[in-house]
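Labels below follow one simple rule: chain letters A, B, ... track the order of the sequence lines, proteins then strands, and each chain is numbered from 1. Hydrogens, waters and symmetry mates are skipped; everything else that's a heavy atom, side chains included, is used.
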There are 2 protein chains.
Amino acid sequence: MQNTLVSAARSESVSRTPVWFMRQAGRSLPEYRELRAGTSMLESCRTPDLVSEITLQPVRRHGVDAAIFFSDIVVPLEAAGVAVEIVPGTGPVIEHPVRTRADLERLEDLTPDAISDIAESIGRVRAELDAKHPDTALIGFAGAPFTVASYLIEGGPSRNHEKTKAMMLGDPELFSAILEKLGRMSATFIDVQLTAGAQAFQLFDSWAGYLSAADYRRFVLPHSAAVFSSLSHHDVPSFHFGVQTGELLPDMATVGTDVIGVDFRVDLADASRRVPQGLALQGNLDPAMLFAPWDVLRPRVEEIVRAGLAHDGGHVFNLGHGVLPDTDPAVPGLIVEEVHRISSEILGS
Amino acid sequence: MQNTLVSAARSESVSRTPVWFMRQAGRSLPEYRELRAGTSMLESCRTPDLVSEITLQPVRRHGVDAAIFFSDIVVPLEAAGVAVEIVPGTGPVIEHPVRTRADLERLEDLTPDAISDIAESIGRVRAELDAKHPDTALIGFAGAPFTVASYLIEGGPSRNHEKTKAMMLGDPELFSAILEKLGRMSATFIDVQLTAGAQAFQLFDSWAGYLSAADYRRFVLPHSAAVFSSLSHHDVPSFHFGVQTGELLPDMATVGTDVIGVDFRVDLADASRRVPQGLALQGNLDPAMLFAPWDVLRPRVEEIVRAGLAHDGGHVFNLGHGVLPDTDPAVPGLIVEEVHRISSEILGS
């Protein structure tokens with residue numbers, strides 16, 4: 001039986017709008033905080049017991065239509081031998097940033113052997129989903145080349161990406177070589193997940209929204225497109241998302257993805273007009289709205305369900321950015337029920 | 001003689017494109033860091049000797065067409081008796097956040113008497129500009145009601161504004177009453193600056209870009225419009241800007257401002273099509289581009305000058321966000337010269 005999420009992503013007819021939440025597995029869940037206590041983020045991401053349990057927690061609690069594989073954008077880097085630490089409250093910190101051709105040459109390719117634990121984690125999640133939640137899809141995950149490059153070049157999270165942009169403009173050949181290598185790394189990371197049983201994947205370009213459309217097209221889009229292209233033989237639906245990407249939406253939609261995630265700032269009906277016909281949309285409830293009372297949140301959910309159904313390429317309900325850590329863990333489940341109820345009613349199923 | 005910046009802002013013909021930089025007065029200048037050493041941000045903002053000197057530093061160094069009054073968004077709050085501290089590396093922290101009707105009632109209005117030092121600072125800047133830089137305009141400054149409200153409601157800087165948005169949706173009457181009071185405060189703060197000699201003003205809505213266009217129109221726009229309306233008798237050009245406001249541009253352009261600042265993500269030619277005819281544009285070089293080599297930065301500057309001159313409502317060259325702290329202090333001056341050179345050449349003057 002084909003999963004509802006997979007059908008919607010393929011722009012096929014569905015009986016209800018599928019729904020999941022970016023960062024649904026994470027700090028907003030007390031059971032996650034309990035499980036993670038005393039274990040670092042990167043160690044958690046490499047421990048199949050923890051990864052599978054954390055990935056499944058929101059499936060059990062919220063009844064979402066998809067599990068998103070619990071990992072981090074820098075996991076492939078670490079697996080390839082890069083000295084990286086995720087510092088709580090800061091983010092990933094890279095011990096030796098990559099800023100020269102010599103730095104790049106020291107960066108090893110990622111081999112599937114180095115992430116056999118990832119395959120094992122995926123297998124465990126799929127086994128439980130198949131047994132207990134057969135209509136819930138497992139979405140694989142990796143960071144897009146530009147976003148991973150920004151961490152590598154800056155040496156950590158950056159609000160302004162000045163070193164990355166300076167290299168992009170000042171040494172476009174080196175910049176391109178870095179993104180090419182990181183694109184291969186992301187593709188390998190996703191390939192292992194798909195081979196082990198993930199039924200879809202999302203490529204996150206967290207920082208693309210810090211580029212103008214012209215720069216995105218010239219310096220970034222070809223490298224993201226290469227990732228999608230190299231995974232096309234898997235014949236699974238692909239998702240692409242970046243925050244603050246209203247201006248980039250028409251370009252990001254041409255990267256070779258089946259579903260394009262829409263930032264919460266963009267009106268979904270506008271997004272529908274900005275993307276090529278037949279592409280599915282994902283999104284785009286503002287995660288901060290989950291802090292509003294249910295009687296004002298509910299109509300917002302309905303509005304997005306209706307706008308999504310009005311789009312002729314399919315719609316996957318999601319937030320327009322990740323679940324915020326202080327979110328009441330009871331709220332996502334209410335949204336799932338409401339999305340299912342309204343969409344089933346409209347679709348007459 | 002009418003200043004070039006004032007002419008451009010009024011969509012009148014000019015002999016060259018005027019240029020200034022948001023946050024031109026600040027941490028990127030060694031003379032600023034020296035002057036500020038040992039003095040807190042809020043104390044600096046209330047000391048006319050320091051304010052006038054800091055405001056004038058970039059005029060002397062970069063040869064910009066405008067000085068932007070050195071202050072901070074929370075200065076009016078502090079002057080009205082709110083316990084607020086600007087914590088280095090964090091931002092403004094409010095001791096008692098405003099979250100209830102009773103909290104709001106305790107918030108005093110700002111009286112001009114409470115900011116006589118601001119009038120004095122403006123007077124000093126104008127005296128030196130008149131004497132030494134008669135073609136350099138002085139732009140006054142205040143935060144827009146939504147941005148100030150977010151600090152007050154959250155209790156400090158917030159990446160997601162969840163408390164602010166929850167109140168906006170959950171208690172729109174209280175939210176509106178807070179923005180109304182803060183709008184009066186911003187208007188008083190600017191009024192004092194204009195009365196003391198500022199020749200234009202910019203209302204900064206730093207956080208507006210975190211709202212959808214529909215929410216911006218309904219909950220925020222009327223309060224920003226009230227600020228512009230209450231200052232219209234001054235007959236000086238007004239500027240409005242917020243970062244990440246591509247989606248909001250058509251709405252922000254109707255707030256009653258003469259010039260609309262464009263975020264660096266938005267193509268200036270697109271911006272020209274999104275705003276009502278006759279409105280001047282300001283912007284929009286990516287501040288991170290100032291870290292690129294001059295031979296790639298220079299054509300970017302030229303591109304923006306040309307796009308600005310192609311817009312029929314006037315153009316003020318600026319960044320599409322503030323100067324970054326690590327910017328080489330020699331670069332803004334090079335940009336000023338280049339903007340003047342190219343625009344003069346094109347305009348045949």
- Task: Rounded to the nearest 0.5 Å, what's the gap from OH on Tyr210(B) to NE2 on His321(A)? Could you check?
- Result: 9.0 Å
- Message: Can you give me the closest heavy-atom contact between Ala166(B) and Pro293(A), atom names plus distance?
- Response: O-CD, 4.3 Å
- Note on the structure: Rounded to the nearest 0.5 angstrom, the CG-OG distance for Asp270(B) and Ser212(A) is 11.0 Å
- Note on the structure: Residue from Val266(B), Asp267(B), Asn284(B), Thr327(B) scoring the most non-hydrogen pairs under 4.5 Å with chain A is Val266(B)
- Message: As an exercise: rank Leu290(B), Asn160(B), Val296(B), Leu169(B) by heavy-atom pairs under 4.5 Å with chain A and give me the winner.
- Response: Leu169(B)
- Is the shortest distance from a Lys or Arg side-chain nitrogen in Arg300(A) or Asp215(B) to a carboxylate oxygen in the other one below 4.0 Å? yes
- So which heavy atom on Gly209(A) is nearest to which on Arg265(B), and how close? O-NE, 2.5 Å
- Message: Is it the case that over 12 heavy atoms from other parts of the model lie below 6.0 angstrom from the CZ atom of Arg33(A)?
- Response: yes
- Task: Using a cut-off of under 4.5 Å on heavy-atom pairs, state which of Arg274(A), Met168(A), Arg159(A) scores highest against chain B.
- Result: Arg274(A)
- Task: Please determine if Lys163(A) and Asp326(B) form a salt bridge, counting it only when a charged side-chain N lies under 4.0 Å from a carboxylate O.
- Result: no
- May I ask you to name which of Met167(A), Lys165(A), Glu247(A) has the most heavy-atom pairs under 4.5 Å with chain B? Glu247(A)
- Message: Quick check on Arg298(A): does its CZ atom have over 12 non-hydrogen neighbours (other residues, nucleotides or ligands) under 6.0 Å away?
- Response: yes
